[in-house]
Amino acid sequence: MFNLFSKSLLNRRGTAILTIISISISVTLLIGVENIRKGVRTSFSSAVSGTDIIVGARGGSLQLLLYSIFRIGNSPNNLSWESYNELRNNKRVKWTIPISLGDSHRGFRVVGTNLDYFKFFRYGSKRKLEFLKGKPFSKVFDTVIGSEIAIKFNYKLNEKIIIAHGTGKKSFLNHDDKPFKIVGILKPTGTPVDQSLHVSLEGITAMHIDWESGAPPMEGESISAEEVLKLDLTPEEITSFLIGLKSKIHVFDLQRKVNTYKEEPLSAIMPGVALQELWNILRTAETGLRVITWFVLFAGLLGMVTSLLSGLNERRREMAILRSVGAGPGTISFLLILEAIILTLAGIILGLIILYLALFVSQPILENYFGLFIPINALSNRDIIILGGILLTAMLMGIIPALKAYHQSLADGMTIRL
Amino acid sequence: MDKVILEIKNLSFRWKDSDSLLLDIPEFNVKKHEHVFLQGPSGSGKSTLLGLIGGILVSESGELKLLGHDIKNLSRSGRDSFRVDHVGFIFQLFNLLPYLSIEENVMLPLSFSSIRAKNSGKTKIDQLKETERLLKSLGLEEQLAKKNPVTELSVGQQQRVAAARALIGNPELIIADEPTSALDSDLRYSFLELLFSECKKAGSTLLFVSHDSTLSNLFSRKISMDEINNNVN
Ligand SMILES: Nc1ncnc2c1ncn2[C@@H]1O[C@H](COP(=O)(O)OP(=O)(O)OP(=O)(O)O)[C@@H](O)[C@H]1O
Ligand SMILES: [Mg+2]
């Protein structure tokens, strides 16, 4: 019986394969979009785990989150070193990580910070940063680089690099009189840390000390790398800072305090809330994409039913023969529903194979170019429900040609019609 | 006296409720081992009658007993399995499923009927042997050896494969609906001879429909539709 079924299907493999392909494409899209969406979300949340509050100059909360954590965009303003010092000594605050942005190296952002970065920064499930090689910076012209930068440029410990002024890919203004030495390479984290170079706040000050409002020093006014070490390199301002609280209950308290800070207009955000804002913005696009994939799927299933229906006429002879050897109209309808199920199942399986292959191939690309780490997971319950739903729909839609075949084989009687 | 295997009394049938009666048969019996030639013009309802006998169609009223069972009293699936258990069909044309091999086509009824499977052999291998024996005695040894796909068989060869399928597992009744109309006259005779001898071996009764009366003298009994059907149009 199954032999009969599979040979009959094999005989019509052309349409069968097309059906399978169209179903598989929609399955790939459907599950893939979901996977990427989830991946993006965990990837983003991973980068801020452990941080309770981010403080920056007054501005949009999403903007603050994007530039201070994801190195996307720029800050409108800086905040003063005094404000930072006052807030870090607040009794609710357990730790802070100062962040000073504005420079780059071959397209990658330079983050000015202090040793607390390596002590308190957490990513993923509250994981600490770890060193692949070397150690945190200790001198003014030391730098610790993220794993991706090390891999991409094949950087080794003790190599000297030049930092460019500004964040554009092609910067013509270099701090080439003050090269930095790589003293540490971090292990991969799957967060923007992998794409950052970390230097001390003093290093940032040292690079800019002889600059005048964004312009390189005039002839004769530049201060050499040796001389600069003798000066006071305490920064005057930083871009933003991250706060970890002693107890989370005081989050709103402190946020209010920052937002109403008298000396300077500041914003305090909770990363989770700001991320939610981002997801809300993206939701429309996601919904649109999802609606489209459902339509693709529906078109695939409809195509399958159409080809089953139109095939019925050509298969009248087959059905009359089967009836003459004892197949009832029920058996014949069952064969059609079975065909719908098998084709859909094959489509689902092929779709999943394509999906996992695609994820496998695109994972390093997404990680390299977008800093997104899309984990390759087994199917979630939701995925399985979706796939089960597709199968059920296919089965229900298969009833249409099955019913037609039922009536046709009853009406045709014994004659073989062409 | 051989016993009656097909017994029809006051059978009536119409295709649609709005149609007039197509068949109105007061009485028609077929005895075991008979070779009956049923003749009638096109449209006289021969194929319809065969559909009724095979339990694919159901009469409006009257009695139709096959091997003592009134087919009407069986459930729908009961009729389907009764049909394959006891009746072998040969059609006019296009008897074979193009995607199955010659042997698979012949063995098709065996997967639907355990009785005929048992009759044709205890094991799958025995059944295959019986299939090959039938095909050989119907003169298809060469095609079998060459493993020709059924689509590459001539029409006459296809009809012989169909005959083998009808005969396998020794069903009590073989129904042939103009199986020779696509064959030339030499082939018709040789086909009929083979069919007769295999029916004899299998102990099957043969009900053969055709409008070609030249074949009728080969049969033990000859009936025309207008003799049994009151409703002649
Ligand atoms: N499936 C069907 N639905 C409705 N009417 C049918 C059907 N099959 C046959 N008929 C009608 O029943 C009548 C008898 O048809 P049938 O096929 O039984 O004739 P026949 O004697 O076998 O003719 P032929 O020698 O041409 O095969 C015809 O008028 C035909 O139109
Ligand atoms: Mg006919």
Side-chain angles (χ1 to χ4, degrees), chain A residues 1-17 19 307-308 310-339 342-343 346 402-418, chain B residues 13 15-16 45-58 75-101 104-117 149 151 162 165-166 168-169 171 175 177-178 209:
Chain A
M1 192 65 169
F2 193 76
N3 180 37
L4 185 73
F5 168 79
S6 52
K7 285 195 171 149
S8 166
L9 190 56
L10 218 58
N11 190 44
R12 289 170 285 116
R13 57 182 161 272
T15 33
I17 287 172
T19 303
S307 70
L308 280 179
S310 61
L312 280 186
N313 254 330
E314 296 158 32
R315 295 173 68 194
R316 282 195 151 173
R317 162 158 61 121
E318 181 183 345
M319 310 217 162
I321 293 168
L322 289 177
R323 289 221 67 197
S324 79
V325 296
T331 315
I332 285 170
S333 328
F334 170 74
L335 287 179
L336 281 161
I337 294 183
L338 189 66
E339 193 167 321
I342 298 272
L343 288 180
L403 275 179
K404 184 166 181 235
Y406 190 95
H407 288 296
Q408 186 172 289
S409 60
L410 277 183
D412 278 0
M414 203 68 257
T415 29
I416 293 185
R417 281 166 205 284
L418 293 174
Chain B
F13 178 83
W15 274 102
K16 283 184 212 89
K46 306 184 295 294
S47 299
T48 307
L49 177 60
L50 297 185
L52 284 163
I53 295 169
I56 285 180
L57 304 172
V58 182
S75 69
R76 176 127 65 198
S77 62
R79 283 199 290 275
D80 290 325
S81 53
F82 190 79
R83 169 170 70 251
V84 65
D85 282 345
H86 304 291
V87 185
F89 280 93
I90 312 171
F91 299 112
Q92 180 177 4
L93 258 184
F94 306 116
N95 270 290
L96 307 180
L97 294 179
Y99 47 83
L100 296 182
S101 69
E104 284 169 333
N105 261 291
V106 173
M107 293 172 83
L108 207 48
L110 305 185
S111 53
F112 288 93
S113 166
S114 55
I115 296 181
R116 282 173 70 181
T151 44
R165 184 176 64 206
I168 194 157
I175 288 181
D177 193 356
E178 313 200 49
V209 160

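Small disclaimer: the values here were computed from a predicted structure and weren't measured.
The contact between B:R165 and chain A is made entirely by side chain atoms (from C-beta outward), counting heavy-atom distances below 4.5 Å. Using a 4.5 Å cut-off between heavy atoms, A:L10 makes no contact with chain B at all. Looking at B:I175, neither its backbone nor its side chain comes within 4.5 Å of chain A, counting heavy atoms on both sides. Only the side chain of B:P98 comes within contact range of chain A, with heavy atoms under 4.5 Å apart.
For the salt bridge (Lys or Arg N to Asp or Glu O under 4.0 Å) test, residues two or more places apart in sequence or in another chain that qualify with A:K7 are B:E104.
At least one donor-acceptor pair closer than 3.5 Å links the side chain of A:S333 to the backbone N or O of A:P329. For the pair A:T15 (side chain) and A:R12 (backbone), a donor-acceptor distance under 3.5 Å is present. In this structure a side-chain-to-backbone donor-acceptor pair under 3.5 Å is present from B:S81 to B:S77.
When only modelled atom types and interatomic distance are considered, B:S75 and B:R79 share no side-chain donor-acceptor pair under 3.5 Å.
Most heavy-atom pairs under 4.5 Å with chain A: of the set B:V84, B:D80, B:T48, this distinction falls to B:D80.
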